[in-house]
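Proteins get letters first, then strands, A, B, ... in listed order; numbering begins at 1 in each. Worth knowing before you read on, the calculation uses all heavy atoms, side chains too, and leaves out hydrogens, waters and symmetry mates.
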Amino acid sequence: MTTSPSPSFPPPQDSLKTNFLSYSTFLSLLQTYNENPKQVKSIHAQILKTGFQTDINLSTKLHEFYSSQPTPDAARAARNVFTCMAKPDVLSWNLVIKACSKNGQFGQCMDLYVNMQRAGFEPDGFTLPCVLNTCAGLRSLPAGQAVHTQILKSGQNLNLYVNSALVDMYAHCGRVDYAHQVFDEMGERDLVSWNSILSGFMKGDGCEEALSLFSQMRFEGVDPNRTTLSSVIPACGRLLKLGLGRAIHGCVVKLGDEVVGDVKVNSALVFMYSKCRDMDCAERVFASMPERNVVSWNSIISGFVQNERSNEAWDWFKQMKMEGVDESEITLTSMVMASYGLVQGRMMHAYVMKMGLMRDEIIGAALIDMYAKCGNLKDARRVFDEVPRNEMGSWNSMILGYVRNGFPRDALNLFSLLQVSGLRPNSITLVGVLSACADLGIPQHGRSIHDYIILKGIKVNLMVETALIDMYAKCGSVEMAREIFEGMEERDLVAWSVMISGHGLNGQANEAINLFSRMVKDGFRPDHVTFTSILSACSHAGLVQEGWDYFYQMTQVYGIAPKSEQYACMVDLLGRAGKLDEALSLIKGMPIEPGVSVWGALLGACRIHNNIELGGYSAEKLFELDPKDAGYYVLLSNLYAVAGRWGDVKRVRELMKAKGLQKPPGCSWVDLDGNVHEFYVGDKTHPQSVKIYEKLEELGMEMKELGYVADTNLVLHDVEEEVKEDMLSSHSERLAIAFGLINTRPGEPIRVTKNLRVCSDCHRVTKLISKIVGREIIVRDAHRFHHFERGQCSCGDYW
DNA sequence: GTAGGGTTAG
């Protein structure tokens, strides 16, 4: 169809045969064959040869044909026909605009739209929906709004189609609010308008709106079709409304075979049941599908992944390949998530590379997450540096990877990089960096993130508010945490729980208890999480009786069957208080299999009270359960070290190594005017190192005068860090405290954060230091706050 | 003429 239009008329003499065909013959031929693309093409070729292409009637016929074909080729042909027209009319303009709009030639479409108006034609009710669709396709709100303004100015009577297209355009451009406004003002609505606005809400974050609109639609007597259903069913899934989902499933069945067999409706059902954790139903729907495509497969596969049934996800993936269905980026994202451990993860990474999909940001985010979950931050970062980073996915995975693996400072560094990249952090990013600040325990850092949120005018949601509360509480600013909590417009159970445990963490068990009562009075029904908070608050304060009371309340009043976590709190509470036998008998009486956290709590208590026998027993149980947390291995090896059982220490360390677990080195840090000073065990790299050790020696002399004798058992504590003579005296928290003493004015409190638990000897030493120097020393370790003052600690030696 | 299902980070 590349023949350029020949201006010659009458027709050239060399095509005698075709000369027999007159203008009217062509017209009737086109009418006869207008269903057959091949025939039309050959007629078109002959028309070009004979020079009839400038005729308006023939051109229009050809044009109509090409414009209705859904291929880019046809759209090009339509444009060619159009350019040949001497005097295109409104219909011709509309046809060519539609052809471009339908085939994704959005730029061309917008150009034609402008030219049409230049040529003196007013866009009508046919033109406008096409142009608005193009704006929707371009996701260009300005263009869409310009068209909208123009429509309003021209005083055109907005018909149903134009209105529906406006709704759809705003929905696609991410302005559901505008879409809703147009929708509300529409005089007449049909099913398509309803479907447009519903899908608009589904594109954004508007599942709830979509569902309430759906019920309004039903109320107005509009019957849904398969399009409506495939919009609304996933909304039930996302909101975990299994009951409503089932009801709508019933609706599907009532609508008959055509809808029951629809791929999209069925895929939506599989998705909905998967989200609601009903994999039996999901599988049943999937099995019953008369037709499946890659989306259906993705729904069932991701369903199993999200329900932590990776093995079955792999089985379905293999099945899918066997049936010859090609996977999509989304399939691979799920399969990366389904990878268990480094070996399988690397295999998927290689496969993604082979498929040339490393430019896919979501797969990238999943890969980063996979490596981070394996504790392999090097490879996570390698992927992060390689993949495109135009959206928040890869950033968030990397930031959270750092946080989860105990590298909060790297998380914050990455956040600084993000700020200069020009991207806008979302709520997940903020939750991540706030939790990094919480881990660091330095109020100034968290404060600066909070300031950033306020400065940028970022609207905080419930999740971010809760993260702020958690951060302030963990940084020791429990008052600020409480202020935010009191200022919240709405609170959920998590917010209450975080605030309760915040008080507990800061040794304010009574505040925690009061808040718990207030929560119940406010009509909240405490759940597992809330009880974990209140039980751990009791544990921090050594409130054994109160702990039992809450445990009783949980089981007897609220009928909540405690899980391992809540039992672990009780074991912790009893264990710290020295009631190890009581703790053990609680474990023995558990109706469920005690998990890692339960035995870990008992082991921790055994470590405090140096109970080798029971500790060894818990250790055996821990070995069987195969914990992934390096902390338990450290506790274990420390316990053995105290008892001098070096063979066992070695065994535990080898086990750790075999599992690829690394003990994070003991590290403490102090904030001095916004600069973080970090100290590792035996650290001599700090510029003030000499002064610090001098200070420690000086303090050591004074401590001896007060009767301090180092606990020699504990010297052997950190054997993994090549045994050093002065091990104990150079524990990171002591270096940090000495540094704080040197660099602050007398009387100022000193705040230190430590990544692991404070050891008992350091605890004793810090008490003495607070007495000698007459300062308040606040140490936050992996577990809680210790306020040292005048030789005492707020934890009452329960820790 | 207009409309639809599946993926990451908490």
Go through the N and O atoms of the side chain of Asn396(A) and the base of dG10(B), and report whether any donor-acceptor pair is under 3.5 Å. no

Whole-Å distance between dA3(B) P and Asp190(A) CG? 12 Å

Can you see whether Asn405(A) engages Asp410(A) through a side-chain donor-acceptor pair at a distance of less than 3.5 angstrom? no

The nucleotide from dG10(B), dA9(B), dA3(B) with an atom nearest the side chain of Met463(A) is dG10(B)

In terms of side-chain heavy atoms of Lys373(A), which of dG5(B), dA3(B), dA9(B) is nearest? dA9(B)

Ile330(A) has its side chain closest, among dA9(B), dT2(B), dT7(B), to dT7(B)

Closest of dG4(B), dT2(B), dT7(B) to the Tyr161(A) side chain is dT2(B)

Measure from CG on Asp223(A) to P on dG4(B) and round the result to the nearest Å. 20 Å

Tell me if the side-chain of Asn225(A) makes a donor-acceptor pair with the base of dG4(B), cut-off 3.5 Å, by modelled atom types. no

For the residue pair Asn376(A) / Asp379(A), report whether a side-chain donor-acceptor contact shorter than 3.5 Å exists. yes

Nearest-neighbour nucleotide for the Asn133(A) side chain, dT2(B), dG4(B), dA9(B) considered: dT2(B)

For the side chain of Ile362(A), counting heavy atoms from C-beta on, which of dG4(B), dG5(B), dT7(B) is nearest? dT7(B)

Report yes or no: do Arg409(A) and Tyr402(A) form a side-chain donor-acceptor pair below 3.5 Å? no

So Gly303(A), base contact, sugar-phosphate only, or nothing? Heavy-atom distance under 4.0 Å. nothing

State whether the distance check finds a donor on one side and an acceptor on the other, under 3.5 Å, for side chain Ser230(A) versus base dG5(B). no

Rounded off to whole Å, could you give me the CG-to-C1' distance for the Asn405(A) and dA9(B) pair? 14 Å

Under 3.5 Å, is there a donor-acceptor pair between the side chain of Asn195(A) and the main chain of Leu198(A)? no

Would you mind reading off the distance between Met169(A) atom CE and dA3(B) atom P, rounded to a whole angstrom? 13 Å

Aromatic plane relationship, Trp314(A) with Phe317(A) - under 30° parallel, 30 to 60° tilted, over 60° perpendicular: perpendicular

I need the CG-C1' distance between Asp360(A) and dT8(B), as an integer number of Å. 10 Å

Contact class for Gln306(A) vs. all strands (heavy atom < 4.0 Å): base, sugar-phosphate, or nothing? sugar-phosphate

From the options dG4(B), dA3(B), dA9(B), select the nucleotide whose nearest atom is closest to the side chain of Asp168(A). dA3(B)

Using the side-chain heavy atoms of Ile428(A), tell me which of these nucleotides is nearest: dT7(B), dG10(B), dG4(B). dG10(B)

Any N or O donor-acceptor pair under 3.5 Å from the base of dG5(B) to the side chain of Ser267(A)? yes

Is it the case that the base of dG5(B) and the side chain of Lys264(A) share a donor-acceptor contact (distance under 3.5 Å, atom types as modelled)? no

Spacing of Leu132(A) atom CG relative to dA3(B) atom P, expressed in whole Å: 11 Å

When we call it a touch if two heavy atoms are under 4.0 Å apart, what does Arg292(A) touch: a base, just sugar-phosphate, or nothing? nothing

Taking any heavy-atom pair under 4.0 Å as a contact, classify Met398(A): base, sugar-phosphate, or nothing. nothing

Does any N or O donor sit under 3.5 Å from an N or O acceptor when you compare the side chain of Ser164(A) with the base of dT2(B)? no

Checking all strands, does Ser328(A) fall into the base, sugar-phosphate, or nothing category for heavy-atom contacts under 4.0 angstrom? base

Of the candidate nucleotides dA3(B), dT8(B), dG4(B), which contains the atom at the shortest distance from the side chain of Ala365(A)? dT8(B)

Just call it for Val336(A): base, sugar-phosphate, or nothing, with non-hydrogen atoms closer than 4.0 Å on any strand. nothing

Classify Pro129(A) by what it touches in the nucleic acid, base, sugar-phosphate, or nothing, heavy-atom distance under 4.0 Å. base

Tyr170(A) and His180(A) side chains, donor-acceptor separation under 3.5 Å: no

Arg359(A) side chain to Gly356(A) backbone, donor-acceptor under 3.5 Å: no

To the nearest angstrom, the NZ-P distance between Lys275(A) and dG5(B) comes to 14 Å

Phosphate OP1/OP2 of dG10(B) contacted by Arg404(A) side-chain N/O (<4.0 Å): yes

Pick base, sugar-phosphate or nothing for Ser427(A), based on heavy-atom distances below 4.0 Å to the nucleic acid. nothing

What is the distance from CZ of Arg189(A) to P of dA3(B), rounded to the nearest Å? 18 Å

